[in-house]
Amino acid sequence: MRLRDSTLLLTPTDIANHLACRHLTQLDRARLAGERIELRQDPRIDALRHRGETHEKGFVNSLAAEGLSITDLRSHDDPAATLDAMSAGADVLVQAPLQGDGLSGRADVLLRIGVPSRLGAYSYEPADTKLARDTRAGTILQLCAYAALLDPMQGVLPEHIHVVTPLARERYRTAHFDAYFRFVRRRLEDDLAADPPPATYPEPVPHCDVCPYWLHCDRRRRADDHLSLVAGGVVRAALRRHLRSAGPHRITEPTPGTFLSVR
Ligand code: SF4
């Protein structure tokens with residue numbers, strides 16, 4: 001998320017991150033307000049990003065090998081460049097900047113398809129290249145955001161969104177996820193507008209593995225003796241909720257009668 005002329009612009013990643021962790025949204029909000037939060041530097045995440053870029057390149061090369069024309073827009077920031085390339089009828093747009101209705105982002109790949117639109121006898125659908133074998137809900141929401149951005153540009157909502165993994169090219173109907181996308185986006189916007197901000201806590205979630213705020217959240221949990229620290233995190237979220245409802249919030253405050261015993 002960023003401010004442009006005092007207007008908040010969300011990215012598709014913000015929406016996916018919000019779904020993964022509401023606390024992350026509040027940390028983004030604090031940083032935007034000028035709070036200094038130390039970010040994790042992790043070579044494994046850099047390596048993952050590099051593998052992701054290689055995967056995207058491989059997919060684009062495979063499209064070029066099929067004889068499709070490729071327009072790479074990574075050196076452009078202005079969404080007008082994307083509209084120009086769409087109007088010119090490019091087969092494939094790569095790293096296309098998109099913006100509108102409080103959203104801004106860069107689509108990995110836009111694929112030209114034969115569905116008529118205001119552009120002509122064709123329109124575009126977004127595709128995202130992902131390394132994960134199982135498609136995550138956040139990936140679908142990101143693609144729904146790109147579809148929503150394309151809608152006013154071409155006058156038609158893309159019927160499909162595409163996820164390209166190393167093993168397969170998956171196709172999903174946008175209409176099946178659009179309402180959920182709008183729900184999560186609205187909840188994100190509400191959380192950002194709430195005054196005071198909603199009380200959130202850095203409960204460990206799978207996204208922590210790649211989250212830049214991990215150091216910050218880990219310090220907070222340790223300072224709080226958070227239950228997730230027991231035996232390397234074996235106390236899972238559901239059990240933590242149960243234990244909290246029974247009383248303890250810290251490792252050092254076990255509930256009498258439970259198996260949990262920390263000396
Ligand atoms: S490290 Fe985990 S708990 Fe903290 S903001 Fe990131 S995802 Fe949320």
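One-based numbering along the sequence shown. Whatever order the structure lists them in is the order used to number ligands and atoms, beginning at 1.
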Report for atom 8 (Fe) of ligand 1, protein N, O or S closer than 2.8 Å, by chain and number, lists Cys21 SG
Per-atom contacts, ligand 1 versus Trp214 - under 4.0 Å to a heavy atom: 1 (S)
Distance-only donor-acceptor check, side chains Thr129 and His55, under 3.5 Å: no
Could you tell me, atom by atom, which parts of ligand 1 come under 4.0 Å of a heavy atom of Arg221? 2 (Fe), 3 (S)
Are Gln95 and Val109 close enough that some pair of their side-chain heavy atoms sits under 4.5 Å apart? no
Between the side chain of Asp72 and the main-chain N/O of Arg74, is any donor-acceptor distance below 3.5 Å? yes
Judged by modelled atom types alone, do Glu159 and Thr174 share a side-chain donor-acceptor pair under 3.5 Å? no
Are any non-hydrogen side-chain atoms of Leu98 and Pro79 less than 4.5 angstrom apart? no
If you count heavy atoms of other groups shown closer than 6.0 angstrom to CZ of Arg29, is the number above 12? yes
Are the side chains of Leu143 and His162 in touch, meaning some heavy atoms are under 4.5 Å apart? no
